[in-house]
Amino acid sequence: MSSDLTTSHYFIVYSAYMNKAIPDIDGIAIPTRRKKHGRRLAMKDCIIMPTAEEMAIASEQLGFNAIAEPDKIYPRGYMQVGRIRVELADKNGNFIHPEIRSTTQLMRAIKPLIKVQRDEIAIQKADERRARAIKREKKRQKKRRR
């Protein structure tokens with residue numbers, strides 16, 4: 001209860017607000033998410049299946065205090081999971097970031113940062129796969145020599 005008192009002035013942003021796809025029961029993304037499903041941005045400003053953790057990290061990179069709540073469910077759809085609480089303004093009403101004064105502006109600003117995060121993760125995974133393949137190949141060569 002005390003955490004609600006300290007974050008009562010935080011803005012809530014659900015991942016569904018900037019989700020470009022609708023998740024189905026199997027977790028597969030169906031690529032047309034309409035505004036009636038809860039999307040708040042134009043399709044060009046959205047991203048496929050953003051997570052609360054990605055959104056929180058991107059918000060913190062912009063200088064905001066953000067709390068990821070990955071287990072919170074979007075009220076309009078039980079398949080939409082995850083939200084963040086972001087402090088756009090302090091308790092006195094002064095905005096923390098001069099150009100970002102609304103959740104819509106925040107979502108537009110964090111989209112490229114989420115894409116960079118995903119690219120970095122993809123590069124890391126590719127490097128790990130490459131390292132495993134090299135290790136396997138060395139093992140095979142060692143077995144052939146015996």
**Note, K20 side chain near I47 side chain (heavy atom, < 4.5 Å)** = no
**Prompt:** Out of curiosity, does F11 fall in the hydrophobic cluster containing L41 (side-chain heavy atoms, cut-off under 4.5 Å, transitive links)?
**Reply:** yes
**Item:** NZ/NE/NH1/NH2 to OD/OE distance under 4.0 Å, E128 and K125
**Value:** no
**Prompt:** Once you round to the nearest 0.5 Å, how far does CD1 of I121 lie from CZ of R118?
**Reply:** 8.5 Å
**Asked** Does a side-chain heavy-atom distance below 4.5 Å link I57 with Q117?
**Response** yes
**Atom pair CG/NE2 of N92 and H9 - distance to nearest 0.5 Å** = 9.0 Å
Which pairs would a plain distance check flag for residues 58-65, meaning a side-chain donor or acceptor within less than 3.5 Å of a matching protein atom at least two apart in sequence or in another chain?
residue : atom : partner : partner atom : Å
S59     : OG   : M55     : O            : 2.9
N65     : ND2  : E87     : OE1          : 2.6

**Asked** Among all residues two or more places apart in sequence or in another chain, which pass the salt bridge (charged side-chain N to carboxylate O under 4.0 Å, His left out) test with D90?
**Response** none
**Request:** Report the residues that fulfil salt bridge (charged side-chain N to carboxylate O under 4.0 Å, His left out) with E69, sequence neighbours left out, ordered by chain and then residue number.
**Result:** R83, R85
**Message:** If I compare all heavy atoms of I67 with all of Y10, which pair ends up nearest, and what's the gap?
**Reply:** CD1-CE2, 4.0 Å
**Asked** Quick one: salt bridge (charged side-chain N to carboxylate O under 4.0 Å, His left out) partners of R129, sequence neighbours excluded?
**Response** none
**Complete:** For A66 and A56, the nearest pair of non-hydrogen atoms, with its separation, is CB-O, 3.9 Å
**Asked** Can you check side-chain contact (heavy atoms from CB on, under 4.5 Å) on I100 and L88, steps first, answer last?
**Response** CA-CA 8 Å; I100 299 173; L88 293 180; 4.2 Å; yes
**Request:** Mark yes or no for whether E54, through its side chain, and T51, through its backbone, hold a donor-acceptor pair below 3.5 Å.
**Result:** yes
**Request:** Please lay out, stage by stage, how H97 and E99 fare under the test side-chain contact (heavy atoms from CB on, under 4.5 Å).
**Result:** CA-CA 6 Å; H97 199 285; E99 289 95 33; 3.0 Å; yes
**Asked** Is there a path of hydrophobic side-chain contacts, each under 4.5 Å between heavy atoms of I, L, V, M, F, W or Y residues, that connects V86 with F95?
**Response** no
**Asked** Can you check whether P50 reaches N19 side chain to side chain, under 4.5 Å on heavy atoms?
**Response** yes
If you look only at distance, which donor and acceptor atoms sit under 3.5 Å apart when one is on a side chain in residues 104-115 and the other is two or more places apart or in another chain?
residue : atom : partner : partner atom : Å
Q105    : OE1  : R101    : N            : 2.6
Q105    : OE1  : S102    : N            : 3.4
R108    : NE   : D45     : OD2          : 3.2
K111    : NZ   : K44     : O            : 2.6

**Asked** Of all residues at least two apart in sequence or in a different chain, which pass the side chain to side chain donor-acceptor pair (under 3.5 Å) check with R130?
**Response** D127
